[in-house]
Amino acid sequence: MLARIAQCGAALLQLKQTDKFVAIGYANISPERLDKLQLTREQVYRCTPTQMTDDSDTLAEVDTRIQCLIPINWPAGALFGYICICPADEDIPAHSMAAQQAEIRRLLKVCADSIEQDLAQIYRQFKRDQNSKRDVSHQASQLSLQAFIDCMKEHVWVKDTSGRYMMVNHSVELAWNRPREQILNFTDDELFEPRLAKHFIASDIESIRQGVQVSAGECEGLDIGDVDSWLETTKVPAINDDGELTGVIGISRNIASHKAAKDQLELASRVFENSVEGVIITDVDGAIIDAHGAYSEITGYTKEELLGQNPRVLNSGRHKKAFFTEMWNDLLSKGKWHGEIWNRRKSGAIFPQMLNISAVYDIEHQIRFFVAVFNDISAQKQSEAELAKVAFHDPLTKLPNRMALNTGLEQELKQASHSNTRLGLVYIDVDLFKQINESYGHPVGDEVLLEVSRRFSQSLGDLVTAARLGSDEFALLLPNIDSNDALLQQINNLRKVFDQPFILGEHGQARLTSSMGVAIYPDDAQDPSGLLVNAEIAMHRAKQDGRNNCAFYTESLNQESVAKLKLQSALHDAIELNALYLVYQPKISFVTGDVVGFEALLRWDDPAFGAVSPAVFIPLAEKIGLIQDIGRWVLKRACEQGQRWREQGVNFGRIAVNVAGQQIQRSSFVDEVAETLKQTGLPASCLELEVTESYMMSEPELVSQDLAKLGLMGVELSIDDFGTGYSSLSYLKKLPIHKLKIDQSFIAGLPLDTHNTAIAKAIIAMGHALNLKVVAEGVETQAQADFLKDNLCDHAQGYFYSKPKLVEELTDFLHKAPRN
């Protein structure tokens, strides 16, 4: 066979070389038959290594230039394949191809006949080898073929090559209601009506053509006993040892039960598809293999998007791993699971589901599939929430009631325990509220309670839970307390709720105060009841201490916190009580020795606390949100002082005012500076603003916009505490600044500290390179002053020249300032 194929290939190759044609070898042999013959497809048909296809119906589409398509058949008439040629050169004239077509067809017919002979030889040799292996000559059958097929309940028959029935089994006789004698040697045309006979004959021909087993289709008919049934017929050509066709064998079986099961499945599928619930089916490994019903409306996914995915694509992230572990344990042990679960739609929205999962077993009781039926219970949950709101909320203020607080507190304690964080509970009693009810009536008292609840909601944010426990008592839950300072700041916010007076209708207004008790988890209690009791105990202690107070259940924390709270409260009142004031420290020129300016510095003397260091109260003011008000006050007072000096004829240079990062972050800061200068009459050329290096470098592009506006106004700008942050030279040269102030930490130790001397020299050199004045702050000794002067530092500021002083103490320095 291979030699013959090679000869054919050589002949076609010669044709290719002479007439510019290329050969195409094509085979339609099935993989099953190749396996039987123990041959590969390449061994059977590859004459030349060119383009091939496995579909005889589309062979003509391989190339529209194919010429002379010749079929190749097996001895039994089954189609083996085709042999054909097509031109390799598209430019060959059509008349040239037509002139050679007869010669091409003759050559291809010779090749096809030769290949068919080899195919017959191959088949005969295959059968001889097969029979030799079986040793059929020594195995006489004890059972006839007729007896064998009569034992089968399927309808079995055999036709010869002319279509006459040569053998039928007993089931055929019973089903066709005819004795064997009235069937054998008859054709389909003689036994059946024309339409049915034509169908039977056509399926016989198809089986012969393909050379393999074919299904003749399904049809409705009568089975044994005239029983209505569905029959499925399979036909296969019968071939002898020489590979020649001897007939056709057919087997029909009743598939009525399978058909009924299929119909039931289709009915169930239609039910699923029209179900208001979603249905998802997965294999045993969890991969989604089908989906029905309202799954798309519920999840937002199409079936194509879900197939092959794991249901975890719907995971909301709300459930812990233990939840799914328990679910799978129930499925594997009990075969089902039922419950509520939160899932996520394709849009990202999280929603609640009622979910039923059942395992489907095979005949060996092994899990084959999982069927999940689910529905969206968002509306149900909303109704439950509305009912819970009625049951768990105070009817007057709409705040959670005591029952809701206990429930929420229990959940928050679990979360705090899991995340190892602290949690605070504040118990609040409105002082002397009983007098309002008694004096003005309960309706007025109710309005006051409503206003208290509104203020809690507006000032505390979403993370803090406020509840009304009864009458004039409230509780607030403060989660995630990471420090005592954070706790104190939140308590200070609570105290602000009572800063403004309460309107009493036609009775005017009244100032109210509150007594607060604070208990901390886990320091003071580990359960909701204990935490609430201890917070109430602390509240009563605050009342005993004179009301308008806050007490902590832990005594040591109580003492520390009370002091800080009192300091915060005092700072709130400092501006109104004129407890804040300014002092001024002169700046001296190293070149002339004259005063070139003054820095305004804030001081606080409290009646109770005495002198409070700026290092204490400035960070506190930033933390509790007072730095904006204090900053505006300082700017205005400094500008007013500068204008008074101008009116006195004193040329003081510039007054420098420190600006906090929170101040300049406000979009209105530049306008505030301009308005202050306008109100006080001080020219912008007399004002200098000092901004810390750390803030200036945090957002240099944003800061530079505001600084540029100030510079255009004539305000001079300085970088304070230079060297302590992380300056970018590329941004530094773009910022509209005029001075660098060397931080006093680098002045200390001069001129003996080699590191500080190197840093000071570098800053001075860099400042001059950028055309900036350099100011040394914190100068305290003659040696430091000499070193800085020798290294060309421009200005000095520090105790060596003067401490910060009140205006009336600056007479000597004002006289040293050059006159206009």
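Computed from a predicted structure; not experimentally measured. If you read the sequence from its start, that first residue is 1, and numbering goes on from there.
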- Message: Going by the rule ring pair (Phe, Tyr, Trp, His ring centres under 6.0 Å), which residues pair with Y521 if we only count those two or more places apart in sequence or in a different chain?
- Response: none
- State which residues pass ring pair (Phe, Tyr, Trp, His ring centres under 6.0 Å) with F787; sequence neighbours excluded, sorted by chain then number. none
- Message: Can you tell me if Q500 has over 12 outside heavy atoms packed within less than 6.0 Å of its CD?
- Response: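 Not more than 12 within 6.0 Å, no.
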Residues which pass salt bridge (charged side-chain N to carboxylate O under 4.0 Å, His left out) with [X], listed by chain and number, not counting sequence neighbours:
X    : result
R318 : none
E622 : none
R345 : D376
D429 : K543

- Item | Of all pairs that satisfy ring pair (Phe, Tyr, Trp, His ring centres under 6.0 Å), the ones with a partner from residues 609-639, not counting sequence neighbours |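 As it turns out, the ring pair (Phe, Tyr, Trp, His ring centres under 6.0 Å) pairs with a partner in residues 609-639, which skip direct neighbours, are W604-F617.
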Does [X] have any side-chain hydrogen bond (donor to acceptor under 3.5 Å, both in side chains) partners at least two apart in sequence or in another chain, and if so, which?
X    : result
R344 : none
S483 : none
R495 : none
Q641 : R644

Only pairs under 3.5 Å count here: list side-chain donor-acceptor contacts from residues 745-756, not counting sequence neighbours, and write none if there are none.
residue	atom	partner	partner atom	Å
S745	OG	D743	OD2	2.5
D753	OD1	H755	N	2.9
D753	OD1	N756	N	3.1
N756	ND2	S745	O	3.4
N756	ND2	A748	O	2.6

